[in-house]
Protein chains: 2
Amino acid sequence: MSVGRQPSMADVALAAGVSAQTVSRALRGSPNVNPETRQRVLAAVDQLGYRFNNAAKMLSSGRSHTIGLIVLQSGGYYSRSAVTAGVEAGAGEAGYAVSIATIARLDTGLMERALAKLADQGVDGIVIAVPLISVTQKMEDITRDIPTVTVDGSRTAGARVLGIDQRAAGRVATQHLLDLGHRQVWHVAGPDEWIEARQRREGWRECLTAAGIEAPPVLEGDWSPASGYRQGQILAMIPEVTAVFAASDEMAFGIIRALRERGRSVPGHVSIVSVDDIELAAYCAPPLTTVRQDFYACGTAAVALLLQGAGEPAVEPPVLAVRESTAQPSVTDR
Amino acid sequence: MSVGRQPSMADVALAAGVSAQTVSRALRGSPNVNPETRQRVLAAVDQLGYRFNNAAKMLSSGRSHTIGLIVLQSGGYYSRSAVTAGVEAGAGEAGYAVSIATIARLDTGLMERALAKLADQGVDGIVIAVPLISVTQKMEDITRDIPTVTVDGSRTAGARVLGIDQRAAGRVATQHLLDLGHRQVWHVAGPDEWIEARQRREGWRECLTAAGIEAPPVLEGDWSPASGYRQGQILAMIPEVTAVFAASDEMAFGIIRALRERGRSVPGHVSIVSVDDIELAAYCAPPLTTVRQDFYACGTAAVALLLQGAGEPAVEPPVLAVRESTAQPSVTDR
DNA sequence: CGAGCCTATGTTACCGATGCCATCTGTAAC
DNA sequence: GTTACAGATGGCATCGGTAACATAGGCTCG
């Protein structure tokens, strides 16, 4: 009605003929409220278009019903953005708002600032969805005060870590190539600062070692197709390369392009397997054999862990989607 | 020191030997504070690890320094996620936090709930980054109270709309195919509820009309490669198809796959152009001719518009990246 | 029938900052 | 030597809720 300002609880109380406190109780579903009174309150709320003031609620209750999420700005890293969606969904379901802090790149200073920003906002908890490697004192200070869950990152004081077993993904991918008959599997890894990259690499190495194969030197990209292309150019020069495990689908496509440009067909000469199973993986040429992991579930699990403090939830095992980028080595190569 | 609770302004004031009011002034950079006093205050802040309470600030000042962002949950739609990144960057630069509300799909009810949720949080402004088509009374109520910018959506009361000229993208793409000598251009559009989809389709139609060509029936996908694949299967059955304009890169790859499976090569038999220029566009086979638009800038512009209320900022024109998915029609087709 | 207790509601203090006004000091102006 | 005024600071009310305690009525039970 009046254009003055948003109606407050006092206004509602007046309209309903009760005290503000009763309004508060009625709205929060306190058991000790007469159903009829509650009806009156709700009617008044509806009529006035009352909307409770989160700041005030937060100030007096000390809780904001908001969780902070730290993500990387660049949208390119598939698994992380899936985690983000999961976090949003999980938080939304629990009635929590999500406040995001993006950092432009992996950098300790930016990370500190993002944490501080969220802390300033009074978030009730923080999900760190970037691979935190080094932990500073400042970070410790914040994560000691605010419950924090790190998705695949280093442990900080009081912060829990939710891990997806990226090693398993590396093993599954590598084993698939070995099973096809390849004698050696090369690897184009992600940046070393990324836990995912490291663990996938470790899984690859473990698998080779278990098969009695000495791992070849690791090539490193930055997740982008462009970096895959560059590493692919190198791989194309090495005649004995018949199988490659790429740490991400996007890099895999870059590698494939470079190989083909140099006359090495995929999967004819070289088989490629990667990780992520992005939507395009099945539709580009050739359709990519890739390992799928449920990062979305990982996001919801992170929120659950944060809010309920439940124990480490079960994580789905990685699943290999076999498509056309992998094949048995050609006879001459065997 | 004490584990009790976060230090408050009063604690800082005590430590610095001044009043809480002076602390407030010092921290906010009020001009009327003795530099020496300010030093003392800052020292105390530093020593106590003081962190201001956003809720309290918000309650008393009435402003939250937070802007709300409404996005679609599904990460697949390239242009929207680029907008998101832009919004985050722009807001961060202006010292604003970003609170996100995701909606699972385009649905009026979900949209209302998302708006209400952000309003409850007391955001200072809202950026709607989903294509809002129908506007309800409830939405009007909220956007009348809170400054809102819609990125490519319908206008609501008091909400400004920031548009990217998607028509231009459609025209540029279509014209490119005509310039190559194609006599007809087919179109696989995005879902009709999406403004982008509609505008791109209009641009395509305008361009054909200007060239005196009657537009063929429109095929419709849902942005996903899978939907592109399905429409591609249909296109493959129509012999006279030599040129296709796809509304997104992902659909384009699906179309290409379907065409090739049916023996129609790209660009040999059919040329394909699309919109987005995702990273993979240049690295998949064939590299995709596509129209790039600066959605990131669109996001930062939305924030600028929201905060400064500046006039409609200039939008970069779309740029065509010509790659290998388009070519002149083969002689027999001409 | 009064003690004890439970239910429904009202009262009051407070969360932590800011806005407004009051105060105090020094200094320039008349 | 007042007056005027600006700069620096403090006091107090206030934002809109919630926690803690107080109160009033109705019920059970010995």
Side-chain angles (χ1 to χ4, degrees), chain A residues 2 4-42 44-45 48-66 95 97 119-124 145, chain B residues 2 4-42 44-45 48-66 95 97 119-124 145:
Chain A
S2 96
R5 68 185 205 300
Q6 296 285 9
S8 81
M9 208 169 237
D11 300 324
V12 175
L14 197 65
V18 295
S19 76
Q21 183 56 230
T22 302
V23 174
S24 173
R25 274 191 282 252
L27 291 182
R28 276 178 306 152
S30 165
N32 296 345
V33 175
N34 189 312
E36 189 209 319
T37 307
R38 189 189 306 269
Q39 272 321 100
R40 274 218 314 284
V41 169
L42 292 180
V45 163
L48 293 177
Y50 169 71
R51 157 156 295 135
F52 78 116
N53 182 318
N54 200 276
K57 185 193 200 102
M58 184 175 161
L59 180 57
S60 57
S61 70
R63 321 199 335 96
S64 63
H65 270 257
T66 298
D120 282 348
Q121 285 175 58
V123 297
D124 289 342
D145 290 339
Chain B
S2 97
R5 68 185 205 299
Q6 295 284 11
S8 81
M9 210 169 234
D11 300 323
V12 175
L14 197 65
V18 295
S19 76
Q21 185 54 233
T22 302
V23 173
S24 172
R25 274 190 283 252
L27 290 182
R28 276 178 307 151
S30 163
N32 296 346
V33 176
N34 189 313
E36 190 208 320
T37 308
R38 189 190 307 270
Q39 273 322 101
R40 274 217 316 283
V41 169
L42 291 180
V45 163
L48 294 177
Y50 168 74
R51 157 156 295 136
F52 76 106
N53 181 317
N54 199 275
K57 185 192 202 100
M58 184 174 159
L59 180 57
S60 57
S61 71
R63 323 203 329 97
S64 63
H65 270 258
T66 298
D120 282 349
Q121 285 175 59
V123 296
D124 289 341
D145 291 340

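These numbers come from the heavy atoms of this one structure, side chains and all, not from hydrogens, waters or symmetry mates. Since the structure is predicted, the reported quantities are computational estimates derived from the model, not experimental observations. The chains referred to below are lettered A, B, ... by the order of the sequence lines, with proteins before strands, and numbering in each begins at 1.
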| Is the closest side-chain heavy-atom distance between A:Leu27 and A:Met9 below 4.5 Å? | yes
| query | Nearest to the side chain of A:Met9 - C:dA17, D:dG10, D:dG17? | reply | D:dG17
| message | Heavy atoms from C-beta onward define the side chain here; which of D:dG10, C:dA17, C:dG10 lies closest to that of B:Ser19? | response | D:dG10
| said: Side chain of A:Thr22, heavy atoms from C-beta onward: which of C:dG10, D:dG10, D:dG16 has the nearest atom to it? | reply: C:dG10
| said: Expressed as a whole number of angstroms, how long is the span from B:Asn54:CG to C:dC15:C1'? | reply: 14 Å
| query | Roughly, in whole Å, what's the span from CG in B:Leu14 to P in D:dG10? | reply | 12 Å
| field | Nearest to side-chain heavy atoms of A:Val33, which nucleotide of D:dT18, C:dG16, C:dT9 | value | C:dT9
| Check: A:Arg51 side chain, D:dG16 base, donor-acceptor under 3.5 Å | no
| Distance-only donor-acceptor test (3.5 Å): side chain B:Gln21, base D:dG11 | yes
| Rounded to the Å, how far apart are B:Asn53 CG and C:dC14 P? | 18 Å
| said: Without decimals, in angstroms, what is the distance between A:Gln121 CD and C:dA17 P? | reply: 16 Å
| message | When you compare the side chain of A:Arg38 with that of A:Leu42, does any pair of heavy atoms fall below 4.5 Å? | response | yes
| task | Specify the separation, in whole Å, of atom CG of A:Asn32 and atom P of D:dA22. | result | 17 Å
| Sub-4.5 Å side-chain heavy-atom contact between A:Gln121 and A:Thr66 | no
| Out of D:dG17, C:dT18, C:dA17, which has the shortest distance to the side chain of B:Ser24? | C:dT18
| task | In whole angstrom, give the distance that lies between atom CE of B:Met58 and atom C1' of C:dA17. | result | 13 Å
| request: Mark yes or no for a side-chain to base donor-acceptor pair under 3.5 Å between B:Arg25 and C:dG19, with no hydrogen or angle criteria applied. | output: no
| Do you know which two heavy atoms are closest between A:Ala13 and A:Ser19, and how far apart they sit? | CB-C, 3.6 Å
